[in-house]
Protein chains: 2
Amino acid sequence: MTNIKDVAIKAGVSVSTVSRVMNNRGYISQATKDKVFNAMKDLNYQPNEIAKSLFKKKSNIIGLILPDISTPFYAEETRYIEEELYKLGYKLMLCNAYNSSSREQEYINMLLRNQVDGIIIGSHTLKIEDYLNLNLPIVALDRYLGDDIPIVCSDHIEGGKLAALELLNCGCTNILHFSGSLKVPTPSNDRHKSFNDTLERKNIKVNTVELPINFFSFLDYSSIIQEALDNNPDIDGIFATDTIALATIKELIKRNKNIPNDVKVVGYDGLSICALTYPTLTTIQQPIKDLSKEAVKTLINLINKKNSYIEKKIILPVSLKRGNTT
Amino acid sequence: MTNIKDVAIKAGVSVSTVSRVMNNRGYISQATKDKVFNAMKDLNYQPNEIAKSLFKKKSNIIGLILPDISTPFYAEETRYIEEELYKLGYKLMLCNAYNSSSREQEYINMLLRNQVDGIIIGSHTLKIEDYLNLNLPIVALDRYLGDDIPIVCSDHIEGGKLAALELLNCGCTNILHFSGSLKVPTPSNDRHKSFNDTLERKNIKVNTVELPINFFSFLDYSSIIQEALDNNPDIDGIFATDTIALATIKELIKRNKNIPNDVKVVGYDGLSICALTYPTLTTIQQPIKDLSKEAVKTLINLINKKNSYIEKKIILPVSLKRGNTT
DNA sequence: GTGAAAGCGCTAACAC
DNA sequence: GTGTTAGCGCTTTCAC
């Protein structure tokens, strides 16, 4: 690779002059500017960001740690995160931690060694102190990583309520609720509680089926859903995240249930793949793009320490997107 | 951040000794080893990979350029690529080029500036020469980037044939085929040709609808599918990539068509989200994990120039996964 | 306006 | 076995 010295020689100036021209610093005559730009073009010069990072102690790289990028929700989120980072001149280093704490710790160490300027985490397998001790700008996606780490999430409480009200309005009286693992403290627990509370206040029975912690492979869905439906043959309403909801609908149709006549289903997420499935899922739409944008914005503010005050809890509104399953 | 010098001082040795201990090079007494390891632990030292990269002229970073990570196929592929890279000690820098040539060129320049060791490309908006002139190890995912750039793809010819035979065996006589844009030369064109040829040899009529180049948003699907179905009211068989196939099934059901009785549908890809949809799609399964593994393996071989001979065309087998749409 | 030189944190000769 | 030193490709003081 050609370096700054090659450009300097070609242009007949010193390396510091080339650096100045590149970074548009100080006063340089138009004549030398032209010489330098021509040399750069002739040599097809690309400045070495590694050397720059070493000196500047800033890599402009952001680490993203997720449980599994291939899950539709994380895939969409990653898309928007990358897009926002790109606009701001940052690069994305992607890490799939698969909810393994050793894997997550290894990734964090790797990111530290690579001098990333900050990390966006949508995983939570370590202890709160471990995150704090990193001494690096961090933003959490829908996870509580301690009071000092900003969190970006949707309004789960409102979401749970909206879902409950939709099923109530449809006249459901025997409801099955697939909740995430309640062992890990995440904002979605608020959604589960809000959903159940809203229904119980109306004296509606809710059967909550708690899903295991590591539950990303769609192939694992079937047996758990089957068991839940076997145990609750008379349910007439279901609430679950979109992918679980879709898999449940599939199973219900196989069981000759008519949707929405026999059973109403409400999802949570608003995944774009819902545009491909029939019947169209009624779902609580998370603002995935805005969540991603806010996460990036908050992290970059943290890095720049631009705003003395950084919002620690960013909750974005959800909305009911009515389809044909209610 | 604490650096190698801090560790050296703390351990009472020179920086080169610390470096030797870290990299396990040369003979070092157990006593100094212990001193150094203790110092590293006490200071919670993480070696600076940026400095190492600068010296070694190797970043251990691989760039991945895709049209859109949020598309299920690319999301799955990315997952496996990251997994393989991680096992080999490489890191992944993710780029979404959105089929924009300016965007793709900017990403390539960015990756060059960041001294990536190689690039995996699943996009193709530049000229063949542009890729060759990069003078950097490159592997193409399902794109022809010139004779000298290895390509990894599934056996499209066999896939197209398998799909055609499946529809034939089901007795379809009026077939609608959604093909990707034929303006860009990609291996999937072979699939389209193979599909059509197989049917035409049996004197079966195929109506091919060519999709636009930039066609990733599921929201764009509907109007094109509607138009195709309006123009071909009597079709009894459909072939398309999984996502298009799913969206078409949705539209057919809306039109009160029974699947598979009235219309048979065969997909191409074998996406994991197919486990969530009903009826279960009959599809040609691409070996997504193996494709990803092969792409990584080939790229790393290219980087290490380990094998004097590097396979330039890696074609992996596909298989028919029969569901309930045929 | 431009150049010389130090230094970012590491590795690898080359000493001894 | 371990230390000294040059240098990877940049940026930035400090000269002039």
Side-chain angles (χ1 to χ4, degrees), chain A residues 1-40 43-61 89 91 109-117, chain B residues 1-40 43-61 89 91 109-117:
Chain A
M1 279 296 275
T2 118
N3 61 23
I4 196 171
K5 206 172 159 188
D6 300 327
V7 177
I9 292 169
K10 177 102 181 175
V13 298
S14 72
V15 289
S16 40
T17 298
V18 175
S19 173
R20 281 193 195 96
V21 172
M22 273 198 296
N23 299 291
N24 201 22
R25 253 190 255 307
Y27 291 95
I28 303 138
S29 72
Q30 192 58 46
T32 38
K33 270 190 191 170
D34 291 344
K35 277 192 292 182
V36 170
F37 279 127
N38 284 333
M40 296 200 317
L43 297 171
N44 197 16
Y45 171 67
Q46 296 285 355
N48 185 327
E49 289 284 335
I50 298 237
K52 187 169 175 168
S53 298
L54 180 59
F55 185 89
K56 291 265 212 174
K57 293 170 171 296
K58 186 159 193 308
S59 64
N60 287 303
I61 298 176
K91 295 143 277 179
N109 289 340
M110 180 278 273
L111 294 173
L112 286 173
R113 288 196 301 275
N114 282 275
Q115 317 298 116
V116 296
D117 296 335
Chain B
M1 281 297 273
T2 118
N3 61 23
I4 197 172
K5 207 172 162 187
D6 300 328
V7 176
I9 293 170
K10 177 103 181 175
V13 297
S14 73
V15 289
S16 43
T17 299
V18 176
S19 173
R20 281 195 195 94
V21 172
M22 273 198 297
N23 298 292
N24 200 24
R25 253 192 254 305
Y27 293 95
I28 304 137
S29 72
Q30 191 58 49
T32 37
K33 270 190 189 171
D34 292 344
K35 277 192 297 183
V36 170
F37 279 127
N38 285 333
M40 293 198 322
L43 296 171
N44 196 18
Y45 172 67
Q46 298 284 355
N48 184 328
E49 289 284 337
I50 298 238
K52 189 170 174 168
S53 299
L54 180 59
F55 184 88
K56 293 267 211 172
K57 292 172 173 296
K58 184 159 195 310
S59 64
N60 286 303
I61 299 176
K91 296 142 274 177
N109 289 340
M110 181 277 274
L111 294 172
L112 287 173
R113 287 195 301 272
N114 283 274
Q115 316 299 118
V116 295
D117 296 335

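Excluded from the calculations below are hydrogen atoms, water molecules and symmetry mates; all remaining heavy atoms, backbone and side chain alike, are included. Here is the naming used below: chain letters follow the sequence lines, and residue numbers restart at 1 for every chain.
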- [ ] Scan side-chain atoms only and decide if A:Ser14 and A:Thr17 contain a donor-acceptor pair under the 3.5 Å cut-off.
- [x]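 A donor-acceptor contact under 3.5 Å links the two side chains.
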What is the nucleic acid contact for [X], judged by heavy atoms within less than 4.0 Å: base, sugar-phosphate only, or nothing?
{"X": "B:Lys56", "answer": "sugar-phosphate"}
{"X": "A:Ile28", "answer": "sugar-phosphate"}
{"X": "B:Thr32", "answer": "sugar-phosphate"}

Is there a side-chain contact between [X] and the phosphate of [N], meaning an N or O under 4.0 Å from OP1 or OP2?
{"X": "A:Tyr45", "N": "D:dC10", "value": "yes"}
{"X": "B:Lys58", "N": "D:dC8", "value": "no"}
{"X": "B:Lys5", "N": "C:dC10", "value": "no"}
{"X": "B:Ser19", "N": "C:dA12", "value": "no"}
{"X": "B:Asn48", "N": "C:dG9", "value": "no"}
{"X": "A:Thr17", "N": "C:dG3", "value": "yes"}
{"X": "B:Asn23", "N": "C:dT11", "value": "yes"}

Open item on the list: Need to verify one output field. Residue with the more 5' nearest nucleotide on DNA chain C, A:Lys57 or A:Ser14?
Closed with: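 Looking at DNA chain C, the more 5' nearest nucleotide goes with A:Ser14.
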What integer distance in Å separates [X]:[atom1] from [N]:[atom2]?
{"X": "A:Lys52", "N": "D:dC10", "atom1": "NZ", "atom2": "C1'", "value": "9 Å"}
{"X": "A:Leu54", "N": "D:dC8", "atom1": "CG", "atom2": "P", "value": "13 Å"}
{"X": "B:Met1", "N": "C:dC10", "atom1": "CE", "atom2": "C1'", "value": "14 Å"}
{"X": "A:Ile9", "N": "D:dG9", "atom1": "CD1", "atom2": "C1'", "value": "13 Å"}
{"X": "A:Met22", "N": "D:dG9", "atom1": "CE", "atom2": "P", "value": "13 Å"}
{"X": "B:Asn24", "N": "C:dT11", "atom1": "CG", "atom2": "P", "value": "13 Å"}
{"X": "A:Ile4", "N": "C:dA4", "atom1": "CD1", "atom2": "C1'", "value": "14 Å"}
{"X": "A:Arg25", "N": "D:dT12", "atom1": "CZ", "atom2": "C1'", "value": "9 Å"}

Task: Nucleotide nearest B:Asn3 (side chain, heavy atoms from C-beta), chosen from D:dC10, C:dG3, C:dG9 - done: C:dG9
TODO: Check every atom of C:dA5, C:dA12, C:dG1 against the side chain of A:Tyr27 and return the nucleotide holding the closest atom.
DONE: C:dG1
- [ ] Map A:Glu49 and A:Arg20 onto DNA chain D by nearest heavy atom, then report which one ends up closer to the 5' terminus.
- [x] A:Glu49
Open item on the list: Testing B:Gln115, B:Lys91, B:Lys52 one by one against B:Asn60 for a side-chain contact (heavy atoms from CB on, under 4.5 Å), which residue passes?
Closed with: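 Among the candidates, only B:Lys91 passes.
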- [ ] With A:Val21 as reference, evaluate A:Val13, A:Ile28, A:Asp34, A:Val7 under the side-chain contact (heavy atoms from CB on, under 4.5 Å) test and give the passing residue.
- [x]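 So the option named by the test is A:Ile28.
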TODO: Look at the side chain of A:Asn48 and the backbone N and O of A:Ile50, then say whether any donor-acceptor pair between them is shorter than 3.5 Å.
DONE: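 Judged by distance alone, yes, a pair lies under 3.5 Å.
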TODO: Confirm from the modelled atom types if B:Ser16 and D:dT5 form a donor-acceptor pair under 3.5 Å, side chain to base only.
DONE: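 Answer no: no donor N or O sits under 3.5 Å from an acceptor.
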Open item on the list: Once rounded to the nearest 0.5 Å, what's the spacing between atom CG of A:Leu43 and atom CE of A:Met1?
Closed with: 11.0 Å
TODO: Using a cut-off of 6.0 Å, state whether more than 12 heavy atoms not belonging to A:Lys58 lie near its atom NZ.
DONE: yes
